[in-house]
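Order of the sequence lines fixes the chain letters, A, B, ..., with proteins taken first and strands second; residue numbering starts at 1 for each chain. Heavy-atom basis, side chains included; hydrogens, waters and symmetry copies ignored.
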Protein chains: 2
Amino acid sequence: MNAPNRLPMAAQCANALRILSADAVEKARSGHPGAPLGMAEMAEVVWRRHLRHNPANPKWLNRDRFVLSNGHASMLLYALLHLSGYDLPVTELQRFRQLHARTPGHPEVGVTPGVETTTGPLGQGLANAVGMALAEHLLAATFNREGHKIIDHTTYVFLGDGCLMEGVSHEAASLAGTLGLRKLICLYDDNGISIDGQTRGWFADDTAQRFTAYGWDVRIVDGHDMLALNEAVCKAKGSDKPSLICCRTVIGCGAPGKAGGHDVHGAPLGDEEIAAMRSALGWTAAPFDVPDDIAREWDGRGQGALLESAWSERFSRYCKTYPDLAAELLRRCEGTLPLDLEDGVMQLLSDPSSALRKKIATRKASQLVLEPLLEGLPELFGGSADLSGSNLTNVEASVWVNHHGKGNYLSYGVREFGMAAVMNGIALHGGLIPYGGTFLTFSDYSRNAIRMAALMQQRVVHVLTHDSIGLGEDGPTHQPVEHASSLRLIPNNRVWRPCDGVETAIAWLAAVQRDNGPSCLLLSRQALTPFERSAEQIEAVKRGGYVLRDAARVDVVLIATGSEVEIAAQAAQVLAGSGIGARVVSMPCVEVFFAQETGYRDTVLPVDIPRVSVEAGVTWFWRGVVGCRGASLGIDTYGESAPAAELYEHFGLTAARVAEVARSLVERP
Amino acid sequence: MNAPNRLPMAAQCANALRILSADAVEKARSGHPGAPLGMAEMAEVVWRRHLRHNPANPKWLNRDRFVLSNGHASMLLYALLHLSGYDLPVTELQRFRQLHARTPGHPEVGVTPGVETTTGPLGQGLANAVGMALAEHLLAATFNREGHKIIDHTTYVFLGDGCLMEGVSHEAASLAGTLGLRKLICLYDDNGISIDGQTRGWFADDTAQRFTAYGWDVRIVDGHDMLALNEAVCKAKGSDKPSLICCRTVIGCGAPGKAGGHDVHGAPLGDEEIAAMRSALGWTAAPFDVPDDIAREWDGRGQGALLESAWSERFSRYCKTYPDLAAELLRRCEGTLPLDLEDGVMQLLSDPSSALRKKIATRKASQLVLEPLLEGLPELFGGSADLSGSNLTNVEASVWVNHHGKGNYLSYGVREFGMAAVMNGIALHGGLIPYGGTFLTFSDYSRNAIRMAALMQQRVVHVLTHDSIGLGEDGPTHQPVEHASSLRLIPNNRVWRPCDGVETAIAWLAAVQRDNGPSCLLLSRQALTPFERSAEQIEAVKRGGYVLRDAARVDVVLIATGSEVEIAAQAAQVLAGSGIGARVVSMPCVEVFFAQETGYRDTVLPVDIPRVSVEAGVTWFWRGVVGCRGASLGIDTYGESAPAAELYEHFGLTAARVAEVARSLVERP
């Protein structure tokens, strides 16, 4: 009865996933077997019967996307990739969770071929997938033509209880429902178990009803019944809404002694239980060995080649009929910028009559830059978490997807985290460069998604306005104090805090040119005095920090960012009045500056001259920049609700105070 | 027809809120009139007909709680407090949004009498309210006795579209529904407008259905129909579930030219529109002047005194019958700790055979400390975001609220942000000290709620385990790198990263003793070598940093935290072998250390001796600590998936490397 040849091949295919997953977790002595075992049938149905992909070319432009939002089930995905024929040999499965293996503890994009996004922090995979489905929809609307469906693919997601408890699932699902992203198909591993035990004690939602309320199509099936699963996926593909398929599963299904309990979630099964599972499933092959007939069934390379070549033929016809469109699509998907983009921006800056050279808020400068940028870079896809009029992220050319079903701008709603994670999905999909706005203080909400963009090296631009006490009356909840510094601490993130229109333009340029990580543009609500600069100085902005105003003899260096640069410049004048030579260094991007070679850095910040930093935020970060002989002016408490000018006085961020502190350093015995 | 005497008094009372709000925003030339105008009837009904409070004593223990989750409508709350008779004179309304006024841009607890929580970051007010309702439920279960309903109050919330779009609303509402918090009554200002315009383009949820899916009672009413509103609140009070009342309102209702549009949301109405509103409402009184009859109607002091004195009588009887319980309740609500608590913990540490002195993970040490701590401090209320077995936040004495309906421990589900915001609400309510666990890396999810606890000066303890690459195989998504430093940047937050059982115990003690802000305990997954300490050294741990191992002649100071202290200690031995005297400073809480007087700090870190910091995280923060002559060892990139020991080697966090760097500093010419 348990002999493998009695089981239908589909069941054996599912069991291959179970055995490979359990064996790999066991060998690593670390990992999560419960979810892979519970989702084996879901995986078999989606991957063998529906997913249109080509294992030989994980970068095929029109592939379906698959996201494992419950990323701890990574071994399931690795087993799928291995069996389907991706470049992931069994030796990699045997090195699961080992240093530099292509099979890390959680799936990581860029590490493993076929992994579309890095998942692990729960809920974000779903939001990434919403971004992918949105990107597909937008690119299809832009590039498809009658008789030429070049962009036409589905995004599949597996997710678990944890994803659905996370708030970001609400933000992403509500948005997907509102936008009607019909090519998004989510399968929910509804096993009723999370780490603390049976979920009903802390998660009693009627999830089907909840997603119906979002405007999704919802189906409930037995997650181990492959016919039912297949039927549900077929129906979902025909729906005009996003779909949730609630798959009632047993966690660790197949492990006779541990299935259904929470102990199977995050620890190896143990030799005894694995042996019992092998016996129960009638699986006689050795660890990591898959019987030939099952391996052949899983091998997706032949089918994949057919799928891609059929598409390639269609694309060849498209290239002939619409050569410009095709070239543009390929350019965008390769992430190459138009050659003349930088020239355009730099020309804009060299015009002394440019509005960018007036006294304006840097958020306004950002909007002024966006206008021509969007013209030269149509892949820019903008938006705001319901603060468009404040972030000034929208421009004349913005077309709201919300109202038109297509376009280049999205009101994301009050969903900062969801927006950031959706933007990551858009960037991962390719073909678009997402930017989105909110207040800097609410980067706290989206913080982990910014981190994920940095970890995944994705080109995403965060427009974070109202960047200090300078926003005034909204008070301490809205006034960022620690945020600039704490965003700088995220590895591979770039924080730009420009001081005027010119720096804002260059920050934008750097952000869109950067193809291996996110950028955060920290922009002022209040108008800032513009600075005159030489052509060399304008170029030097790109180095993250440069000499903006110099003295004949430099006694002290004043380093400032953003709105505090003009305070530093005033202080330098005050100091000049008392015979002290103060250099003003504008440092819009500390990370870029400190990535310059030592020679340049020492030219800007001479080693033996005392330094004073001025930034309307916490000073901890700056102490390392100014060193032992230096001083840092900032705000190490919370802000207050009052008009901005009063706040600067109240917190002592004035030219007089900067000059006083600088003088004390210079005159120190 | 528009004459005020034609309008029923209730309508005039609502209009008083409108006029005061609009006038104050106008005078400040800044603020949000739209929501106060739209919610005037909701406010009239809840505040004049249901809210059981005493304006003369905002701290009355058994008062109903009112939370304005859409905090930008602050002027509505200030108008309510002023009119009800709280200590908030009209002069304060006239100083709306001015420096040091008691009427800041968003409501701030501690600044304005009667404000129960600081709101502004959307969605968190709702979660705070869930915490308040939970605290009421738990305290009632603990302290009420047959015939003695001492704790018996309702938590009312006003919230808006923004709150409901935020993910944290999902986490909080799902939890409240699961727990059946029947004394939570939320009124949703369903006006269909957010900053970007009409919400239907980005927020098409069927909110009533969504909340039904959470197990809430939902009612839909015309939000300007006071009879309907009143009936809905009456029914909600009788429900055995949490209630959502969807109030269909018109934003800016009463402003004839601007009502219903999004321009009324966040900018003053302007003189003309205010004049038109006065005329439309038949309001002839001057700005900030409220006619006597309306003022009398609003005055809640008489009723409040009656309510509190009736309760006080009941409480007197309770005190006589249950003197110990009554004393305990009062102690808890005052936030006073038992006198012998510190002695108990310190005694535990002085026992050389204590399990705390073994080689254990600091998360395990935390659990060992919690055991006796919970005995001495029954107000400790624990929990975890579905990681109890990993965070080790539960102890023998933990009783799960999820299973028993009462107790001292909650599985919050996979809801880090919700947990943190609910904990803030519990702390704000009083009577309980909340602590909750998750992985350190997911403090990103809860970050703004940690910030809010710090801003609100609330005693909340975050147990953040798996605090570095030392967690091993789960990889970079789960390995915090920047988190310790970035949590330290939040003003008034305290981050403890203890190196062994003794430091963990003292960190816990400091966290529960701290009555003006949150503490984060960063704990290891892996076992750490314990250190022997003198009694003086044990005392010195409380100072945040101290000399753990010294040399006869100090050539270099090695500063480390948590799991890296043992590496530093090994390095000191290596250095001793080559004749270099290295002092080892353990610095479990940098903030507390740098708050010590200079004398102490200079004793620990002598000014002229080079320093090396060692922490398995980003080094930016430490550069300021080690100064120009120092060096910082850490990890400025992301982690990797591999066993912990290999990762420490891979990232160069070894005794040999620390010794090498230290030697280079000492031998530098």
Side-chain angles (χ1 to χ4, degrees), chain A residues 30 97-99 104-106 120-122 162 165-168 170-171 174 178 194-196 201-206 209-210 213-215 386-388 402-403 411 413-415 417 444-445 447-448 455 473-477 482 485-486 489-491 618 620 623-624 627-628 637-638 641-642 646, chain B residues 30 97-99 104-106 120-122 162 165-168 170-171 174 178 194-196 201-206 209-210 213-215 386-388 402-403 411 413-415 417 444-445 447-448 455 473-477 482 485-486 489-491 618 620 623-624 627-628 637-638 641-642 646:
Chain A
S30 163
R97 294 181 152 238
Q98 304 308 305
L99 192 59
H106 292 81
L122 294 174
M165 283 186 251
E166 290 288 3
V168 71
H170 165 61
E171 299 181 16
S174 170
T178 302
S194 63
I195 293 181
D196 275 8
W202 44 89
F203 182 47
D205 291 9
D206 181 336
Q209 187 176 29
R210 175 185 160 206
Y214 294 145
D386 201 47
L387 288 168
S388 294
N402 312 76
H403 307 311
S411 282
V414 189
R415 303 179 178 105
F417 191 13
D444 278 354
Y445 279 48
R447 185 170 174 89
N448 198 260
L455 174 59
E473 291 88 344
D474 273 345
T477 55
E482 72 278 25
S485 287
S486 77
L489 296 181
I490 298 177
V618 295
W620 260 114
R623 293 183 200 176
C628 332
T637 61
Y638 290 99
S641 171
E646 288 180 44
Chain B
S30 164
R97 294 181 151 238
Q98 303 309 304
L99 193 59
H106 292 80
L122 293 174
M165 282 187 251
E166 290 287 4
V168 71
H170 165 59
E171 300 182 12
S174 170
T178 301
S194 62
I195 294 180
D196 275 7
W202 45 89
F203 182 47
D205 291 7
D206 180 336
Q209 188 177 27
R210 174 185 161 208
Y214 295 145
D386 201 47
L387 288 168
S388 294
N402 311 78
H403 307 311
S411 282
V414 189
R415 303 180 178 104
F417 191 12
D444 278 355
Y445 279 49
R447 187 171 173 89
N448 199 259
L455 174 58
E473 291 87 345
D474 273 345
T477 54
E482 71 278 25
S485 287
S486 76
L489 296 181
I490 298 177
V618 295
W620 259 115
R623 294 183 200 176
C628 334
T637 61
Y638 290 100
S641 171
E646 289 180 43

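Heavy atoms closer than 4.5 Å to chain B are found in both the backbone and the side chain of F203(A). Using a 4.5 Å cut-off between heavy atoms, T637(B) touches chain A through its backbone atoms (N, CA, C, O) alone. Looking at S174(A), the atoms closer than 4.5 Å to chain B (heavy atoms on both sides) sit in the backbone and in the side chain alike.
The candidate with the highest count of non-hydrogen atom pairs below 4.5 Å against chain A, out of D474(B), D386(B), V168(B), is D386(B). Here S388(B) is the residue among S485(B), S388(B), G120(B) with the most heavy-atom pairs under 4.5 Å with chain A. Your options are S641(B), G624(B), A204(B), A642(B), and the one with the most heavy-atom pairs under 4.5 Å with chain A is S641(B). Between chain A and the residues E171(B), E646(B), M165(B), H403(B), the most heavy-atom pairs under 4.5 angstrom are made by M165(B). In terms of heavy-atom pairs under 4.5 angstrom with chain B, the leader among S411(A), G162(A), P104(A) is S411(A). In terms of heavy-atom pairs under 4.5 Å with chain A, the best-connected choice from L455(B), L122(B), V618(B) is L455(B). Most heavy-atom pairs under 4.5 Å with chain A, from the set P121(B), G215(B), C628(B): that is P121(B).
Taking OG1 of T178(B) as the start and CH2 of W202(A) as the end, the distance is 10.5 Å to the nearest 0.5 Å. Between E473(A) atom CD and Q98(B) atom CD the span is 6.5 Å, to the nearest 0.5 Å.
At least one side-chain heavy atom of P491(B) sits under 4.5 Å from a side-chain heavy atom of E482(A). Within the 4.5 Å cutoff, the side chain of H170(A) has heavy atoms near those of the D205(B) side chain. Between N402(B) and D196(A), every side-chain heavy-atom pair lies at or beyond the 4.5 Å cut-off.
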